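One structure is given below, encoded as structure tokens.
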Amino acid sequence: MTTDSASPEGLASLPKAEFAFPGPLRDRLVAAILDGSKTSTTQLLVEYEHEGEPLPEAGSRSVVLDSDDRPVGVIELTGARVVPLAQVDLAHAVDEGEGYTSVAEWRAGHERFWHSEEMRAELLDPGFTVDDTTPAVLERFRLVSDLRSAG
């Protein structure tokens with residue numbers, strides 16, 4: 001892991017990685033990324049479609065933002081795949097670094113988030129819901145720069 005490869009100019013050119021919404025959940029997720037316990041994440045395909053964003057590709061880097069919109073790390077995507085929610089495996093769930101010990105527990109936690117008022121407002125769909133067939137983008141990444149000590 002490096003701290004010198006993240007110049008201000010380089011950081012400005014990287015896409016932003018925002019985990020959850022600002023607040024306690026984002027704070028926990030960012031802390032888990034920075035301590036190395038979070039090496040995977042899940043987004044729904046509909047989120048990429050809604051934002052008009054291309055699917056992530058291995059090798060791409062992004063700047064992790066904390067709840068105050070400060071850059072705190074740089075991650076590099078090591079892999080991404082799209083699967084129906086019913087096919088999320090235990091290794092992915094555990095590697096999300098949130099303490100899940102089963103896929104059912106992971107799914108319940110994520111459904112609470114995806115069915116939240118904030119998420120439904122973000123997607124402009126007050127009745128948004130997921131099921132076993134909902135396409136999920138499973139991403140794996142590694143922390144390449146911890147920016148907390150680079151300021």
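As the structure is a computational prediction, the values presented were derived from the model and not from experiment.
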- Task: May I ask you to say whether K38 pairs ionically with D95, meaning some side-chain N is under 4.0 Å from a carboxylate O?
- Result: no
- Message: Strictly distance-based, threshold 3.5 Å: is any side-chain N or O of T39 a donor or acceptor partner for the main-chain N or O of F141?
- Response: no
- Could you tell me whether R28 and D66 have a side-chain N and a carboxylate O separated by less than 4.0 Å? no
- Item | Straight-line distance of L138 CG to Q43 CD, nearest 0.5 Å | 11.0 Å
- Under a 4.5 Å cut-off applied to non-hydrogen side-chain atoms, are F21 and S67 in contact? no
- Task: Quick one: do E76 and S60 satisfy side-chain hydrogen bond (donor to acceptor under 3.5 Å, both in side chains)? Show the steps, please.
- Result: CA-CA 6 Å; E76 180 178 84; S60 63; over 6 Å; no
- Using atom types as modelled and distance alone, determine if a side-chain donor or acceptor of H92 lies under 3.5 Å from a backbone N or O of V88. no
- To the nearest 0.5 Å, what is the distance between CG (L14) and CZ (R61)? 8.0 Å
- Using modelled atom types only, decide if a donor and an acceptor are shared between the side chain of S145 and the backbone of G73 within a distance under 3.5 Å. no
- With the side chain counted from C-beta on, respond yes when T133 and L85 share a heavy-atom pair under 4.5 Å apart, and no when they do not. no
- Query: Backbone N or O of L77 within a donor-acceptor pair of the E139 side chain at under 3.5 Å?
  - Reply: no
- Message: With rounding to the nearest 0.5 angstrom, report the OG to CG distance, S62 to L11.
- Response: 11.0 Å
- Message: Tell me if a side-chain donor or acceptor on D27 pairs with a main-chain N or O of V30 at a distance below 3.5 Å.
- Response: no
- Task: Check for a donor-acceptor pair, side chain of D68 on one end and backbone N or O of R70 on the other, with a separation under 3.5 Å.
- Result: no
- Task: Evaluate the side-chain proximity of T42 to E96: yes if any heavy-atom separation is below 4.5 Å, no if none is.
- Result: yes
- Item | Transitive ILVMFWY side-chain link L123 to W114, under 4.5 Å | yes
- Message: Quick one, V46 and V130 - any side-chain contact, counting heavy atoms below 4.5 Å?
- Response: no
- Do the side chains of V83 and W106 join up, straight or via other hydrophobic residues, at under 4.5 Å, putting them in one cluster? yes
- Query: Is there a path from L143 to V64 through hydrophobic residues (I, L, V, M, F, W, Y) whose side chains come within less than 4.5 Å of each other?
  - Reply: yes
- Task: Evaluate the side-chain proximity of L65 to V72: yes if any heavy-atom separation is below 4.5 Å, no if none is.
- Result: no
- State whether the side chain of E47 and the backbone N or O of L44 hold a donor-acceptor pair below 3.5 Å, judged by distance alone. yes
- Query: Distance-only, no hydrogens or angles: does the R26 side chain make a donor-acceptor pair with backbone N or O of F19 under 3.5 Å?
  - Reply: yes
- Item | Value rounded to 0.5 Å, distance of CG in L29 from OG1 in T41 | 7.0 Å
- Query: Which class fits the ring pair F128 and H115: parallel under 30°, tilted 30 to 60°, perpendicular over 60°?
  - Reply: perpendicular
- Task: Side-chain contact test, heavy atoms from C-beta onward, threshold under 4.5 Å: evaluate it for F113 versus L25 and give yes or no.
- Result: yes
- Can I75 and R142 be said to form a side-chain contact (heavy atoms from CB on, under 4.5 Å), step by step? CA-CA 5 Å; I75 56 173; R142 66 186 185 99; over 6 Å; no
- Task: Please collect all salt bridge (charged side-chain N to carboxylate O under 4.0 Å, His left out) contacts where either partner lies in residues 100-123, sequence neighbours excluded, each pair once.
- Result: R107-E111, R107-D132
- Task: Output the distance between atom CD1 (I33) and atom OG (S40), rounded to the nearest 0.5 Å.
- Result: 10.0 Å
- Any side-chain heavy-atom pair from T134 and P84 closer than 4.5 angstrom? no
